[in-house]
Each structure stands twice: as structure tokens, then as C-alpha cells.
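Working notes, structure below.
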Amino acid sequence: MRFDQSYEVSHTGCWLWTKHCDQRGYPIFETPSRHWIAFRFAYLRFIGDINHHRLVLHRCGEVLCVQPEHLYIRGEQVGRASHEGDESH
């Protein structure tokens with residue numbers, strides 16, 4: 001799959017996105033049906049469903065990371081309060 005060829009593994013274990021990013025710096029992955037924020041796609045692909053109103057955040061703090069083990073979900077309000085300035089959805 002094209003997704004698996006779109007990142008490099010760093011020495012920290014992050015899977016760093018090497019393809020297109022949006023104007024905010026978020027990694028973008030395109031499928032025939034839609035554009036995804038790449039770490040949301042990674043979460044959905046490797047872990048499972050994401051409620052539309054939930055944020056996918058990074059344990060590692062690296063917005064380009066798509067490593068499923070580094071991702072977790074928080075509710076939008078809690079996520080924004082706990083990670084002020086972190087816009088990782």
C-alpha cells in the first residue's frame with residue numbers, strides 16, 4: 001500500500017511522514033475517496049474506529065509521526081485543554 005512507502009522510521013521509533021503536508025504542517029494521505037490527516041488514517045488502519053469528535057494525539061509530540069503505538073485518542077474538549085497549542089486532530 002502507498003501509505004507504507006510514505007514515511008521513514010527515525011531513531012526514536014517515530015514513523016515520520018515524508019510526503020505532502022497541509023498549510024498547517026499536518027501530514028496528508030490521499031485515498032481515492034478522500035484526503036486524510038495521515039496520523040488519523042494510521043490510527044484507523046492499525047487500531048480501529050475514531051469517533052468524528054475525537055482527537056488523535058501523539059505521545060511522542062511529533063506531528064509528522066504516523067506510528068500507531070505513538071498515537072492515542074482524547075475527546076476534543078479535553079484534548080484542547082490538556083494540549084494547549086497542540087492542534088493534532
Side-chain angles (χ1 to χ4, degrees):
M1 179 179 222
R2 217 179 55 204
F3 180 87
D4 296 325
Q5 297 153 358
S6 300
Y7 61 84
E8 294 178 356
V9 179
S10 77
H11 69 280
T12 62
C14 289
W15 297 359
L16 298 177
W17 194 252
T18 59
K19 303 298 182 193
H20 179 72
C21 292
D22 69 11
Q23 66 276 9
R24 299 173 298 172
Y26 291 160
I28 299 298
F29 179 64
E30 297 179 30
T31 65
S33 60
R34 68 179 279 193
H35 292 102
W36 292 85
I37 294 176
F39 49 81
R40 286 186 70 84
F41 180 85
Y43 190 96
L44 182 66
R45 178 180 177 204
F46 294 104
I47 298 173
D49 286 338
I50 307 166
N51 181 299
H52 177 71
H53 300 289
R54 309 280 282 191
L55 298 177
V56 175
L57 301 173
H58 297 86
R59 289 184 176 93
C60 58
E62 173 57 66
V63 73
L64 295 178
C65 184
V66 296
Q67 158 58 284
E69 293 177 5
H70 293 190
L71 305 174
Y72 68 101
I73 291 187
R74 279 252 173 121
E76 185 168 358
Q77 296 234 346
V78 173
R80 288 191 189 276
S82 299
H83 295 81
E84 191 169 315
D86 180 3
E87 303 258 340
S88 301
H89 337 109

Q | Neighbour count >12 (heavy atoms, 6.0 Å) for atom CG, D49 | A | no
**Q.** Pairing residues for D22 by the salt bridge (charged side-chain N to carboxylate O under 4.0 Å, His left out) criterion, not counting sequence neighbours
**A.** R24
(Q) In terms of relative ring orientation, are W36 and F41 parallel, tilted or perpendicular, with 30° and 60° separating the classes? (A) perpendicular
**Q.** Distance in Å, K19 NZ paired with E30 CD, rounded so as to fall on 0.5 Å steps
**A.** 12.0 Å
Q: With rounding to the nearest 0.5 Å, note down the distance linking OH in Y43 to CG in L55.
A: 12.0 Å
Q.
Quick check for you: to the nearest 0.5 Å, what is the distance between Y7 atom OH and L16 atom CG?
A. 11.0 Å
**Q.** Closest non-hydrogen atom pair between A38 and F3, with its separation
**A.** O-CE1, 3.8 Å
For residues 63-71, run the donor-acceptor check on the side chains, cut-off 3.5 Å, and write out each pair with its distance to 0.1 Å, sequence neighbours left out.
from : atom 1 : to  : atom 2 : distance (Å)
Q67  : OE1    : E69 : N      : 3.0

(Q) Would you call the rings of F39 and H58 parallel, tilted or perpendicular, taking 30° and 60° as the class edges? (A) perpendicular
Q: Mind checking side-chain hydrogen bond (donor to acceptor under 3.5 Å, both in side chains) for E8 and listing every partner two or more places apart, or none if nothing turns up?
A: none
Q | Residue pair I73 / R54: nearest heavy atoms and the distance that separates them | A | CG2-NE, 3.3 Å
Q | side chain to side chain contact (heavy atoms under 4.5 Å, CB included) partners for H20, two or more places apart | A | I28
Q. How close do R40 and N51 get, heavy atom to heavy atom, and via which atoms?
A. NH2-O, 4.0 Å
Q: May I ask you to say whether R45 pairs ionically with D4, meaning some side-chain N is under 4.0 Å from a carboxylate O?
A: yes
Q) Which pair of heavy atoms, one from P27 and one from C21, lies closest together, and at what distance? A) CA-SG, 3.9 Å
Q: List in chain and number order the residues that pass side-chain hydrogen bond (donor to acceptor under 3.5 Å, both in side chains) with T12, two or more places apart in sequence or in another chain; answer none if no residue qualifies.
A: S10
